[in-house]
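In this text, all values refer to a predicted model and were calculated from it rather than measured experimentally.
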Amino acid sequence: GGAESPARGLISFSSTNVPGKVALMQQSGKTSLFAVAVAASAATAGLLFGYDVAVFNGALVFLRAEFHLGPVPTEILTTMLFVGCAAGAAIGGWASDRYGRRVVLFIAGVLFCVAALSATFSMHLWQLMAARMLAGMAVGAAVLIAPMYIAEIAPAHKRGMLVTLNQLAIVSGILVGFVVNYELAVLVHGNWRLMFFLGALPAVVLCVSMVRIPESPRWLLQQGQRERACVVLQRISPGTDVESTIDEIGKAIREESGTYRELLGRALRKPLMLAVMLAIIQQVTGVNTVMYYGAIIFAEHAGASATQAIGMNVMVGVVNMVATILGLLLIDKLGRRPLLLTATGGMALSLVAFASMLTYMPNHAALLLTAVLGYVAFYAFGLGTGVWVCLSELFPNRIRGRAMSIANMVLWATLSCVTATFLSLIKM
């Protein structure tokens, strides 16, 4: 779906294909409700990110009016989130290896809560920008660590399903955010402060849940805490041969010896180029211009009122969720390449239709919305679902984590460029 983030880079659908992080290798044993609850708790990070995407989309209509923002200031304000995301992802990855996954997710929740409250009470544009950068740091760390933690905590035979919870949480958060925006716009016109304030709620839930769940067995084993790792593993999957599973995790950790220099070698040069190009294509097609500027597009270029524009976003959120679920269900049946070819072809047709309507039939909101919904549906079905699965399969375990970190940096950079130029381009 929309709001594509590095969270996608850590989703895997095979029991031995967790990017750079081989988690619990057991193929038998029961999956406890405790494991499901733990995964759902960590997936709250995805809900937080999705809600933030949607709420900013709706709030931006009112922010432009209150702070008298032209295209360039609006682009800068939007891009501040992604600048923070890049920093959060870089710091979060290092901190999670040093201090643990739970600690980083808890801190991310605290930072996002502070950011939401700071945005709520911002009186000047620079204060709002600072709040958005802080929110970006929280999001960048959370969407990187949450799927990693779930992959490490999940039993192998349920890992694909449990890791997918994080992506479903993101698209659910987007839909919830759009609905909240619409209800607030109807009840209290222009109340963007309350929109931001409500974003603190999932952050609080994330923090509380982090206090009650265990650290990942993999991280505990890396820190030499074998007994604690065994206890957690037994709670997650009762009946598992704990000792043999721990031995396999230890072996996998020792095999992760790849270096960044190795990525530039002849054997991995082509996969790295493909990974970078796929990351660029995923973002340069512009899905996040819909997710972040959708309300502005509908309000300023389709003749819709602010409330109507936010209501159109709700439809975008519904289509985004349905198409994402459909893509997740079909990706293994159809194959990666057919899925991507079908989706990109549909996206191209939708974009041509949208550009034509915008040029020759402006102020026809229903027609423009139809083209946008088609574009979002094809994106969520294909590029949104398939790209990161493909990337995770291009590299061997020993180097996958480093390769994905490069793809993540390229993604954030491309996303920043797109959001920093879109409004100026459509004014030309």
Check [X] against [Y] and note the closest heavy-atom contact, atom names and distance.
X: Phe178; Y: Val314; value: O-CG2, 3.4 Å
X: Ala45; Y: Leu105; value: CB-CD2, 4.5 Å
X: Leu383; Y: Gln282; value: O-NE2, 3.4 Å
X: Ala108; Y: Ala142; value: CB-CB, 4.1 Å
X: Leu81; Y: Ala135; value: CD1-C, 3.9 Å
X: Asn57; Y: Met291; value: ND2-O, 2.7 Å

Name all residues meeting the salt bridge (charged side-chain N to carboxylate O under 4.0 Å, His left out) criterion together with Arg228; count only those two or more places apart in sequence or in a different chain, and write none if there are none.
none

Please check: side-chain N/O of [X] versus main-chain N/O of [Y], any donor-acceptor pairing under 3.5 Å?
X: Tyr292; Y: Ala54; value: no
X: Trp219; Y: Asp97; value: yes
X: Gln283; Y: Trp412; value: no

Heavy-atom side-chain proximity of [X] to [Y] below 4.5 angstrom:
X: Ile153; Y: Val232; result: yes
X: Val376; Y: Tyr379; result: no
X: Val418; Y: Thr285; result: no
X: Met195; Y: Val180; result: no
X: Tyr293; Y: Phe56; result: no

Do Glu152 and Arg101 meet the salt-bridge criterion of a basic N to acidic O distance under 4.0 Å?
yes

Examine Arg102 relative to Tyr149 and say whether NZ or CZ is less than 6.0 Å from the centre of the six-membered ring and inside a 45° cone about the ring axis.
no

Step through it carefully: locate the ring centre of Phe354, locate the ring centre of Tyr375, and say whether they are under 6.0 Å apart.
no

Ring centres under 6.0 Å, that's the criterion: do Phe196 and Tyr51 meet it?
no

The criterion is side-chain hydrogen bond (donor to acceptor under 3.5 Å, both in side chains); which residues satisfy it with Thr74, sequence neighbours excluded?
Arg64

When you look at Met137 and Phe112, which way does the side chain to side chain contact (heavy atoms under 4.5 Å, CB included) test go after all the steps?
CA-CA 8 Å; Met137 293 181 66; Phe112 193 88; over 6 Å; no

For Val204, run the side-chain contact (heavy atoms from CB on, under 4.5 Å) check against Leu206, Leu201, Val208 and tell me which one passes.
Val208

Partner of Asn320 under side-chain contact (heavy atoms from CB on, under 4.5 Å), picked from Val322, Val318, Thr324, is Thr324

Any chance the side chains of Glu75 and Thr421 put a donor and an acceptor closer than 3.5 Å?
no

Find the distance between CG (Leu128) and CE (Met133) and round it off to the nearest 0.5 Å.
12.5 Å

Working for side chain to side chain contact (heavy atoms under 4.5 Å, CB included), residues Arg132 and Asp52:
CA-CA 10 Å; Arg132 295 303 294 162; Asp52 181 75; 2.8 Å; yes

Dump the intermediate steps for side chain to side chain contact (heavy atoms under 4.5 Å, CB included) on Leu198 and Val55, then the final yes or no.
CA-CA 9 Å; Leu198 292 176; Val55 80; over 6 Å; no

